[in-house]
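Heads up: the structure comes next, in structure tokens.
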2 protein chains.
Amino acid sequence: MGLAPSVQRLPTTFPLDEILVGDCIASMNSLPPSSVDCVFADPPYNLQLGDAGLLRPDQSRVDAVDDDWDKFATFEAYDAFTRAWLTAARRVMKPNATLWVIGSYHNIFRVGSALQDLGFWILNDIVWRKANPMPNFRGKRFTNAHETLIWASRSAESKGYTFHYDALKGGNEDLQMRSDWFIPLCTGEERLKGADGQKVHPTQKPEALLARTLLSATNPGDVVLDPFFGTGTTGAVARRLGRRFIGCERDTVYADAARRRIDAVVPLSTAALTIATPKRAEPRIPFLSVLEAGHLRAGETLTDDRRRFKATVRPDGNLSVGPVQGSIHKVGALVQGLPACNGWTFWHAERGGRLVVIDDFRSAYRSANAAAE
Amino acid sequence: MGLAPSVQRLPTTFPLDEILVGDCIASMNSLPPSSVDCVFADPPYNLQLGDAGLLRPDQSRVDAVDDDWDKFATFEAYDAFTRAWLTAARRVMKPNATLWVIGSYHNIFRVGSALQDLGFWILNDIVWRKANPMPNFRGKRFTNAHETLIWASRSAESKGYTFHYDALKGGNEDLQMRSDWFIPLCTGEERLKGADGQKVHPTQKPEALLARTLLSATNPGDVVLDPFFGTGTTGAVARRLGRRFIGCERDTVYADAARRRIDAVVPLSTAALTIATPKRAEPRIPFLSVLEAGHLRAGETLTDDRRRFKATVRPDGNLSVGPVQGSIHKVGALVQGLPACNGWTFWHAERGGRLVVIDDFRSAYRSANAAAE
DNA sequence: TGCCTGGCTGAATCTCTCC
DNA sequence: AGGAGAGATTCAGCCAGGC
């Protein structure tokens, strides 16, 4: 009770693509700090502590409590458990790593409050809208047709987190991906069944849900930690998508099923996984270089797409309007009377009677010099 | 503790259909206990916006919620405020009354935890999916396209709460009403404007949202209390639907606007109290969803109907041709050298030696999920 | 009268690098 | 650490005005 285990199994090497069998907090504490890129957690929802076998942070077992006076203690125990695993997870997260947690109204408010208290910074809450939820049989409530995910960075100062905005937008009819995701439950072939034909795990999540989280918030090769690995959906999807995983699972039946499941996954080819470089990550090209490469001529006139404004290209890579000179951005802002302007997409040159945005010249320059960059 | 207050200011008459101007906690404490059938609360969200302000891509400024009433120094201060008003509200609730609270990820986890701690019993969390949310202008997160409502009874023992299961089902194509509601923002005619043409209140809620809550969880003649009355959406809908209201509002400008608004409302006849289901255009289906549903595989090759062009399906729902990636529409346009292209009718997959247009997969997806989308 | 276009707006925790 | 500058970034709905 309350004492640390006398023997602690520390991995000699970083346990990539492995399942650590045992208490998730001890397992996470055995990892070096700042070592994972992403955490996906599907913690116990259930507040009926006797059934869930919930453990306190000190590893003692919480006894079932059904007295009214102990209701507060029940939430308190769940909160302590939540703070403990969130704290352990936060330690192993790299500064720009992000955390995903999924839950329902039974527990998600506790989890959300706890992670805010610990300094996590919520980026979005995501609603998983179930295509085929279980109906409410007694007609006493609305059909509980969704679960909630919280996506959070390690702290408010963590601005460099991974988010594949363009990839998500491209897969969504060229519209920004919203915070409400419509995805079917995990059923049929995908659902793991035991020899008895019964489902192995009561709350197996659909791979599509994990895939969307990992595609949006991790890069190929990134390490994803799942403290409540269960039957390994996170690991299976990570392997398929070329990510690495570390799973923690206490139950050997689940862990064994997860291991077999993941070993059978065929990863997608590296070629299928290479992602388009996000705009912000592309190398900066000076306007002067594009000019020097001959895409434009010093002295020629640029206009906006509706030919309302004009500017002249100077040999030094500035623009001028009358006596005023400045960068393509400064001058673009100036003529419009706006505080800022992206000159690359604002200014156009005439080519064969048609207006061509100068960003096209930059693209051409980039592809011509891709090898050298 | 446990003693009745020595002096209780009881209103000489119960303030039905009135707005109590002042602090909501004092106002609620002036009401007799166990006197209202329902509480609807839209408390401050504690948004914690940056000082810099947010610009749209066209450099116009977003009119953010920067009112003093939304500012709290710490989470602790917000939690104390939340516990205080929830406690006051719970006292005036009849044993079988229910509480609705609306919030966003900034505050809803605090509110949910607090009300659980105080003994409320959560019946559902409801997601208000916004038809027309504000986009994420910087491309750094998912579009924040929903808000969350919590529906709770006064305690776990309150089994006799009102829920009009059949009425809601009848208004929902004879399907059980789900926990995700698709409703537009409050704009246009419905949005209250001042003499200056500016919105009177920064966060006025749509009447459709209130109507659905009151129709589902109250009876005609029931008393609905709103501690954060604002410009009186709760009162206006209550009056229209034949319910009674009590509003608390600190700001006299809001309270005056609410009074005028509610006085202009014409109550519906009893027979007319049915739920209008909003008509919608066919929902847009993301290619990613069709992929996730298993109609296509990541890595497989698509072609046009004459096999002139090829593209590879990416796991994120984009297509790629060589190094270029983009949506099915963008890549379709690119390979043809056209300004635009409908990817759904352009691209085909090989199935059993024959080409199948991917629009067929979309149709199959649509009919499989018609009920929920 | 009707159609089309352009402008405006909504509870938002909304950049990154270099000097 | 703070400031300056490059340059990346938006969707649906309503309304007014022009044709």
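A note on names: the letters A, B, ... follow the listed sequences, proteins ahead of strands, and every chain is numbered from 1.
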**Complete:** The Watson-Crick or G-U wobble partner of D:dT10, with both key distances under 3.5 Å, is none
**Asked** Has B:K140 got a side-chain N or O lying under 4.0 Å from the OP1 or OP2 atom of D:dA8?
**Response** no
**Prompt:** Which base, if any, makes a Watson-Crick or G-U wobble pair with C:dA11, both distances under 3.5 Å?
**Reply:** none
**Message:** Students often get this wrong, so: under 4.0 angstrom with heavy atoms, is B:G53 touching a base, only sugar-phosphate, or nothing?
**Reply:** base
**Message:** Any side-chain N or O of A:R362 below 4.0 angstrom from OP1/OP2 of D:dA8?
**Reply:** yes
**Request:** Round to a whole Å and report the spacing from CD of B:E190 to C1' of C:dT9.
**Result:** 15 Å
**Request:** Would you please confirm or rule out a distance under 4.0 Å between OP1 or OP2 of C:dT15 and any side-chain N or O of A:Y161?
**Result:** no
**Prompt:** Would you call B:R261 and B:E207 a salt bridge, using N to O less than 4.0 angstrom?
**Reply:** yes
**Prompt:** Counting only Watson-Crick or G-U wobble pairs whose two distances fall under 3.5 Å, which nucleotide matches C:dC16?
**Reply:** D:dG5
**Message:** Before we go on, tell me: are the rings of B:F81 and B:F72 under 6.0 Å apart, centre to centre?
**Reply:** yes
**Asked** What nucleotide, of D:dG13, D:dA8, D:dC11, holds the atom closest to the side chain of A:Q176?
**Response** D:dC11
**Item:** Proximity to the side chain of A:K159 - top-ranked nucleotide from D:dA12, C:dT15, D:dA6
**Value:** C:dT15
**Prompt:** Considering only side-chain heavy atoms of B:R138, which listed nucleotide, D:dA8, D:dC15, C:dA11, is closest?
**Reply:** D:dA8
**Prompt:** Counting only side-chain N and O atoms of A:H329, is one of them less than 4.0 Å from OP1 or OP2 of D:dA6?
**Reply:** no
**Message:** On the nucleotide D:dG13, are OP1 or OP2 found under 4.0 Å from the side-chain N or O atoms that B:K130 carries?
**Reply:** no
**Complete:** Winner on side-chain proximity to B:Q59, out of D:dT9, C:dC14, C:dG10, is D:dT9
**Message:** Looking at B:K199, I'd like to know whether one of its side-chain N or O atoms comes within less than 4.0 Å of OP1 or OP2 on C:dT9.
**Reply:** no
**Asked** Would you say D:dA12 has OP1 or OP2 under 4.0 Å from some side-chain N or O of B:R129?
**Response** no
**Message:** Any base atoms under 4.0 Å from B:S104, or only sugar-phosphate, or nothing? Heavy atoms, all strands.
**Reply:** nothing
**Asked** Which part of the nucleic acid, if any, lies within contact of A:K169, taking any heavy atom under 4.0 Å across all strands shown: a base, the sugar-phosphate backbone alone, or nothing?
**Response** sugar-phosphate
**Asked** If the P atom of D:dG7 is compared with that of C:dC19, how far apart are they to the nearest Å?
**Response** 14 Å
**Prompt:** Between C:dC14, C:dG10, D:dA6, which nucleotide gets closest to the side-chain atoms of A:S327?
**Reply:** D:dA6
**Request:** Answer yes or no: is there an ion pair linking A:D166 with A:K169, defined by an N-O contact shorter than 4.0 Å?
**Result:** no
**Item:** Side chain to side chain, A:R178 and B:F142, heavy atoms closer than 4.5 Å
**Value:** no
**Item:** Watson-Crick or G-U counterpart of C:dT5, or none if no pair lies under 3.5 Å
**Value:** D:dA16
**Item:** Rounded C1' spacing from D:dA1 to C:dC16 in Å
**Value:** 16 Å
**Asked** Mapping B:N132 and A:R280 onto DNA chain D by nearest heavy atom, which one lands closer to the 5' end?
**Response** A:R280
**Message:** Using the side-chain heavy atoms of B:R56, tell me which of these nucleotides is nearest: C:dC16, C:dA11, D:dC11.
**Reply:** D:dC11
